[in-house]
S.K.: 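So that we are looking at the same thing, I have put the structure below in structure tokens.
Just follow the structure's listing: the first ligand is 1, and inside any ligand the first atom is 1.
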Amino acid sequence: MKISSINISSEILHKMYVTMLRIRLFEEKVADILSNSKEIICPCHLYIGQEAVATGVCMALNKDDYVFSTHRSHGHYLAKGGDMKRLMAELYGKETGCSKGKGGSMHVAFKDVGFMGSSAIVAGTIPLAVGAAFAFSIQGSKRVSVAFFGDGATHEGTFYESLNFASLKKLPVIFVCENNQYSTHMPISASLADVRIYKKAGIFKMPGIRVDGNDVIKVFEVTRKAVEEARKGNGPTLIECLTYRWRGHVGPSYDLDKGLRSKEELDYWMRRCPIKRLERLMFKLGCLTKDQKDQIYENVKKEVEEAVIFAKESPYPKEDELYKDLLND
Ligand SMILES: Cc1ncc(C[n+]2csc(CCOP(=O)(O)OP(=O)(O)O)c2C)c(N)n1
Ligand SMILES: [Mg+2]
């Protein structure tokens, strides 16, 4: 099937659709739990609205490629293939969690699928992704490493240092900036002298591309090209994905009462929902029927419910676990 400039199979479209839906329904459930109970007490930065970025990027990767994530971690974790039950258990602080209940939403990892970790330190994982790419390069491996980060991370010096070193050494790393146009409550126009983040790549003689981050196929397409170049030894790419988070910076609220963003702005972006957009395309192409759609929703809802049951039924970590796993043991 030919869509935009690439051939893409209906199998890939289905996988994209299911992945985005798993992220969306998982997070809506988390939002619901946060709003109505105290079962989850760790701060959760929800990814709803940005699903096409994690999905499009991770679809272009192999299982043994590495991904490094941020405080807004759930979408990256699920898209790279992390186990949903163990993510929910982590949010519940249980010993079956992917970080044994000691990391919470912002510190998750699932190394079996190359999801190397997330961090609360803004921009903190960018140099880690570069370090991993440096190791791949020294080993002569064809693997690539991806750093996901927000627009706010581009205020940090380590972002520029990382771009410079990666370009200088032609490292196989893809820098994926999710420009959701806010850093906590600050709009990007109040914090960056030049809001065209992709342009910062040129200073370091590497390609920089801006893409519609709510178009999963476009994100997949540009990432696939960047990965191809990286595997050939041609160095890094900076991909700026323009997108928007529907909820507030942290927690389930829409933050419309804070005088920071308008209902009109939120509505505009909700009309550009990345999942509905792909759904419409798949209907049009005849590769998704109404019955299939209903069945996919049912399956994903069931998977999310099972993750909640698993999390609730799991025990809390024992007290003697408290000081373990701190220094790489
Ligand atoms: C080094 C550092 N500075 C400040 C903070 C506080 N902080 C947490 S999230 C955040 C905003 C990050 O914005 P962005 O990178 O755009 O990601 P988004 O939340 O929009 O996904 C800030 C400033 C932090 N955690 N780490
Ligand atoms: Mg942001």
S.K.: How far is atom 24 (C) of ligand 1 from the closest protein heavy atom, and which atom is that?
M.R.: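 So the nearest neighbour among protein heavy atoms is V122 CG2, 3.6 Å.
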S.K.: Nearest 0.5 Å, what's the CG-NE2 distance between L46 and H249?
M.R.: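 If I round to the nearest 0.5 Å, the distance is 11.0 Å.
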S.K.: Determine, stepwise, if the pair E90 / K102 fulfils salt bridge (charged side-chain N to carboxylate O under 4.0 Å, His left out).
M.R.: CA-CA 8 Å; E90 188 57 40; K102 294 184 273 187; over 6 Å; no
S.K.: Determine whether the side chains of T289 and D291 contain a donor N or O and an acceptor N or O closer than 3.5 Å.
M.R.: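 The answer is no; no qualifying pair exists.
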S.K.: Measure from the side-chain N and O atoms of E298 to the backbone N and O of I296, and report whether any donor-acceptor pair falls under 3.5 Å.
M.R.: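 No; judged by distance alone, with no hydrogens or angles, the pair does not exist.
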S.K.: Quick check on contacts: which atoms of ligand 1 are under 4.0 angstrom from a heavy atom of T184?
M.R.: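 Near T184, the atoms of ligand 1 are 10 (C), 11 (C), 22 (C).
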S.K.: Any idea which part of H71 is under 4.0 Å from ligand 1, heavy-atom wise: side chain, backbone, both or neither?
M.R.: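 The part of H71 near ligand 1 is the side chain, not the backbone.
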S.K.: Say whether I121, considering both its backbone and side-chain N or O atoms, lies within less than 3.5 Å of an N or O atom on ligand 1.
M.R.: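 In this structure, I121 places no N or O atom under 3.5 Å from an N or O of ligand 1.
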S.K.: Applying the side-chain hydrogen bond (donor to acceptor under 3.5 Å, both in side chains) test to Y47, which of R72, E178, R245, R247 qualifies?
M.R.: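 Between Y47 and the candidates, side-chain hydrogen bond (donor to acceptor under 3.5 Å, both in side chains) is satisfied uniquely by E178.
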S.K.: If you scan the protein for heavy atoms around atom 2 (C) of ligand 1, do you find one that is closer than 4.0 Å?
M.R.: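 So atom 2 (C) of ligand 1 has protein heavy-atom neighbours under 4.0 Å.
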S.K.: Should the pair D112-K80 be classified as a salt bridge under the 4.0 Å nitrogen-to-oxygen rule?
M.R.: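 Looking at K80 together with D112, the answer is no, because their closest N to O distance does not fall below 4.0 Å.
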S.K.: Report the atom name of the nearest N/O/S atom of D151 relative to the Mg ion (ligand 2).
M.R.: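 That would be atom OD1.
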S.K.: N/O/S of Y182 less than 2.8 Å from the Mg ion (ligand 2)?
M.R.: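 Within the cut-off used here (under 2.8 Å), Y182 does place an N, O or S atom near the Mg ion (ligand 2).
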S.K.: For atom 25 (N) of ligand 1, what is the nearest protein heavy atom, given as residue, atom name and distance?
M.R.: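 Answer, as residue, atom name and distance: A120 O, 2.8 Å.
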S.K.: Please list, in number order, the atoms of ligand 1 under 4.0 Å from a heavy atom of Y182.
M.R.: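 The atoms of ligand 1 under 4.0 Å from a heavy atom of Y182 are 16 (O), 20 (O).
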S.K.: Can we say E306 and K302 salt-bridge, meaning some charged N sits less than 4.0 Å from an Asp/Glu carboxylate O?
M.R.: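 Yes.
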S.K.: Could you find the nearest protein heavy atom to atom 16 (O) of ligand 1 and give me its residue, atom name and distance?
M.R.: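 Here the nearest protein heavy atom works out to G152 N, 2.8 Å.
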S.K.: Strictly under 2.8 Å, is the Mg ion (ligand 2) approached by any N, O or S atom of N180?
M.R.: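 Of the N, O and S atoms in N180, at least one lies under 2.8 Å from the Mg ion (ligand 2), which means yes.
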S.K.: Return yes when E156 approaches ligand 1 closer than 4.0 angstrom through a heavy atom, no otherwise.
M.R.: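 It does; at least one heavy atom falls under 4.0 Å.
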S.K.: Report yes if some N/O of R72 lies less than 3.5 Å from some N/O of ligand 1; otherwise report no.
M.R.: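 Yes: some nitrogen or oxygen of R72 is under 3.5 Å from one in ligand 1.
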S.K.: Looking at A153, which atoms of ligand 1 are within less than 4.0 Å of one of its heavy atoms?
M.R.: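 It comes down to these atoms of ligand 1: 15 (O).
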S.K.: Heavy atom to atom 13 (O) of ligand 1, shortest distance: which of S191, S119, S183, G150 holds it?
M.R.: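 Among S191, S119, S183, G150, the closest heavy atom to atom 13 (O) of ligand 1 belongs to S183.
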S.K.: I want to know if ligand 1 touches N180 in the polar sense, i.e. an N/O pair below 3.5 angstrom.
M.R.: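 Such a contact does occur with ligand 1.
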S.K.: Same cluster for I239 and Y160 if Ile/Leu/Val/Met/Phe/Trp/Tyr side chains link at under 4.5 Å?
M.R.: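 Each belongs to a different hydrophobic cluster.
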S.K.: Can R196 and D194 be counted as an ion pair, charged N to O under 4.0 angstrom?
M.R.: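 A salt bridge links R196 with D194.
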S.K.: Considering only heavy atoms from C-beta outward, does the side chain of H74 approach that of C44 to under 4.5 Å?
M.R.: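 Answer yes - side chains close enough.
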S.K.: Tell me: protein heavy atom nearest atom 9 (S) of ligand 1, and distance?
M.R.: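 Its nearest protein heavy-atom neighbour is H249 CE1, 3.3 Å.
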S.K.: With sequence neighbours left out, what residues match Y92 under ring-ring contact (aromatic ring centres under 6.0 Å, His included)?
M.R.: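 Partners of Y92 by the ring-ring contact (aromatic ring centres under 6.0 Å, His included) criterion come out as none, since no residue qualifies.
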